[in-house]
Number of protein chains: 2
Amino acid sequence: MSYALSGKRHVAPSTRRRIQDVIDELGYRPNAAARALKEGRTRTIGLVIPPAGNRLTHMQLDFVASVVDAAARVDLDVLLSSSGGDHDRSFERLVSEYRVDGVILMEIRLEDPRVGRLQKAGLPFVGIGHTAGDQQMPWIDVDYAGLIQHCVRHLADLGHRRVALVTRSPELIAAGYGPARRAREGFETALTERGLDGIEVPCGDDARSGQECVEALLRSHPDLTAVTTINEAALPGIQRALADTGLEVPYDFSITGVAARTWAEDFRPPLTAADVPAQEMGEKAVSLLVERIASPDTPPRHILLTPPISLRSSTAAAPTPWPSRVDRAAH
Amino acid sequence: MSYALSGKRHVAPSTRRRIQDVIDELGYRPNAAARALKEGRTRTIGLVIPPAGNRLTHMQLDFVASVVDAAARVDLDVLLSSSGGDHDRSFERLVSEYRVDGVILMEIRLEDPRVGRLQKAGLPFVGIGHTAGDQQMPWIDVDYAGLIQHCVRHLADLGHRRVALVTRSPELIAAGYGPARRAREGFETALTERGLDGIEVPCGDDARSGQECVEALLRSHPDLTAVTTINEAALPGIQRALADTGLEVPYDFSITGVAARTWAEDFRPPLTAADVPAQEMGEKAVSLLVERIASPDTPPRHILLTPPISLRSSTAAAPTPWPSRVDRAAH
DNA sequence: TTGTAGGCGTTATCAT
DNA sequence: ATGATAACGCCTACAA
């Protein structure tokens with residue numbers, strides 16, 4: 001077939017013309033599978049998302065969208081696969097049938113069997129999140145420990161003495177979910193450092209859980225004056241529970257944490273929080289993967305993102321314990 | 001190669017054993033591209049999502065997740081592609097390089113060039129949403145017209161005389177976005193039918209826009225007592241604008257519309273709304289597509305979903321015009 | 001029951 | 001400058 005006219009070698013205008021006519025007449029379209037077979041690569045990357053049961057958070061959604069975007073920019077297609085749950089077949093197909101040139105693995109667990117699987121298959125991949133061990137793999141992660149530590153310090157500086165950390169669901173924690181674990185580390189570090197009282201509570205990824213969780217918290221710890229969280233989906237519920245209890249943010253109660261920018265800005269009042277740079281993560285993940293595909297034997301790079309904490313309006317000085325709520329009227 | 005032992009024909013245990021040994025030793029793994037080339041199908045479907053710029057709504061997200069899920073259940077992979085914006089190359093690759101066996105096309109416009117493109121390519125597809133013309137294509141859609149009509153009737157029954165329809169963004173409407181158009185039809189039908197005053201306002205897909213939009217609405221139409229909407233992303237803003245104005249839902253003001261179940265339930269108070277059955281739509285879309293791929297010449301089926309309107313707590317009798325807000329204290 | 005050959009559509013190489 | 005040919009890996013029909 002005289003198809004080397006994809007610019008590879010020189011061709012006479014007349015021939016080019018003739019070929020074009022044939023293409024038009026026969027409605028010729030190139031076949032990706034044949035090309036993939038010949039070239040040994042698919043120009044497709046796999047994106048492994050958490051199972052659909054656990055609905056994706058905004059952060060994750062933004063991340064997926066930005067991966068698709070970044071991939072499209074370098075002419076890569078994205079094959080979606082949810083792993084975990086009952087359809088691990090999908091993941092297995094991805095890694096074992098040469099369907100993709102590389103994989104982006106979301107929601108890595110501290111001990112994650114998928115990592116070993118990918119390594120055994122020799123398929124290039126980058127993780128979103130990192131495992132506990134020192135496994136040789138490239139990853140991108142958000143520095144939850146540092147961020148939460150920073151948040152708690154901020155609260156301590158404002159005079160809060162007892163703060164709570166609202167983390168993710170019990171199941172996720174039990175499964176060894178990195179961000180939850182590392183948020184805890186940062187939380188405890190800051191607690192010790194500043195001599196604060198802290199309480200950590202797991203919380204489902206939805207408004208209802210957030211509400212119940214904070215209600216319970218306020219009942220059991222009436223002296224609580226601040227919360228920090230990595231659970232953005234719980235935020236509307238947290239807000240609601242506070243409002244229902246008659247606590248006004250930030251005068252009576254401070255909130256801070258890490259969340260997608262939209263959520264932080266949509267919070268009322270706007271949330272003092274580290275804005276997870278989902279867009280940036282998506283772009284970096286793709287370029288890291290592309291790099292990895294090109295040279296699989298380079299030592300893996302790690303990118304730990306520490307977005308700045310945007311000071312908005314959800315944190316303020318701790319209410320003075322006694323007499324309490326009238327104080328601020330005096331200002 | 002002697003591995004028609006994928007169950008096709010009978011094979012002696014000894015041979016099978018021998019082959020298995022070789023497989024293990026060489027680390028043989030089947031190659032999807034080769035299979036696709038031979039079989040003439042890819043076992044992959046394409047899912048065309050709106051461009052990442054416009055962040056996906058929860059409805060859309062739920063839909064994507066359920067498509068991935070349903071596809072996995074029948075061992076199909078999902079190739080993601082965002083169309084519109086600047087990366088139409090991605091869409092073009094999808095339709096013209098035999099990368100997928102069929103396509104699910106989200107966010108169909110009333111006049112949508114992609115439909116013609118797919119038809120010309122002879123690629124099976126199903127649309128989420130339908131075009132204006134009588135184009136021969138299978139689709140699944142939500143009956144926005146009927147739903148909004150129903151919502152307005154409900155408001156009329158409750159005594160509301162002037163209601164607003166909060167629709168989607170001006171750009172989307174200008175682009176001929178079906179749901180916006182059809183919501184308008186239903187709105188106007190109900191208005192005429194019941195002799196109500198109505199006003200339709202476009203609104204961006206985010207909380208901020210929702211808030212601004214309702215604030216403007218309340219300024220320009222002080223006698224407004226109810227809103228119906230198809231813009232779920234605007235809901236938090238609508239809620240906020242009302243609260244800021246001191247209007248209590250549902251006593252002073254009623255809200256209803258169509259939204260993902262989560263949003264309706266998370267609304268405060270819980271929203272009387274038609275819950276978009278995203279999950280069901282995803283499953284149906286996949287099975288419609290599979291059917292279509294199997295027999296492309298069958299006349300295309302259409303599925304118009306009319307989910308029931310769940311009566312929750314965001315609608316109530318219109319406040320009596322004069323004297324107004326004290327009335328309900330008397331109850 | 002098992003081995004072998006040919007072709008799916010592409011592209012790279014070799015010959016013209 | 002262009003036409004012919006082989007090979008990527010899988011599947012299947014046919015031969016042994």
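Please read all numbers here as calculations on a predicted model, not as lab measurements.
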Is it the case that more than 12 heavy atoms not belonging to A:Arg261 sit under 6.0 Å from its CZ atom?
-> no

Among [options], the one nearest [X] by side-chain distance:
{"X": "A:Asn31", "options": "C:dT1, D:dC11, C:dG9", "result": "C:dG9"}
{"X": "B:Lys38", "options": "C:dT2, D:dG9, C:dG9", "result": "D:dG9"}
{"X": "B:Ala34", "options": "D:dC11, D:dC10, C:dG9", "result": "D:dC10"}

Contacts of B:Ser14 and A:Leu37 projected onto DNA chain C by closest heavy atom; the upstream (5') one is B:Ser14

Verify the contact: side-chain N or O of A:Arg35 to OP1 or OP2 of C:dT11, cut-off strictly under 4.0 Å; return yes or no.
-> yes

Examine C:dT10: is either OP1 or OP2 under 4.0 Å from a nitrogen or oxygen in the side chain of B:Tyr98? Give yes or no.
-> no

In this structure, how many angstroms lie between the [atom2] atom of [N] and the [atom1] atom of [X], rounded?
{"X": "B:Leu26", "N": "D:dG9", "atom1": "CG", "atom2": "C1'", "value": "14 Å"}
{"X": "A:Ile19", "N": "D:dT2", "atom1": "CD1", "atom2": "C1'", "value": "9 Å"}
{"X": "B:Glu39", "N": "C:dG9", "atom1": "CD", "atom2": "C1'", "value": "15 Å"}
{"X": "B:Ile23", "N": "D:dC10", "atom1": "CD1", "atom2": "P", "value": "10 Å"}

For A:Gln60, does its backbone N or O pair with a side-chain atom of A:Glu107 as donor and acceptor, under 3.5 Å?
-> no

B:Asp101 (side chain) donor-acceptor with B:Arg43 (main chain) under 3.5 angstrom = yes

Within the structure shown, what part of the strands sits under 4.0 Å from A:Arg29 by heavy-atom distance: base, sugar-phosphate, or nothing?
-> sugar-phosphate

So what does A:Arg41 touch, heavy atoms closer than 4.0 Å: a base, only the sugar-phosphate, or nothing?
-> nothing

Looking at CG of B:Leu26 and CG of B:Asp21, how far apart are the two atoms once the value is rounded to the nearest 0.5 Å?
-> 11.0 Å

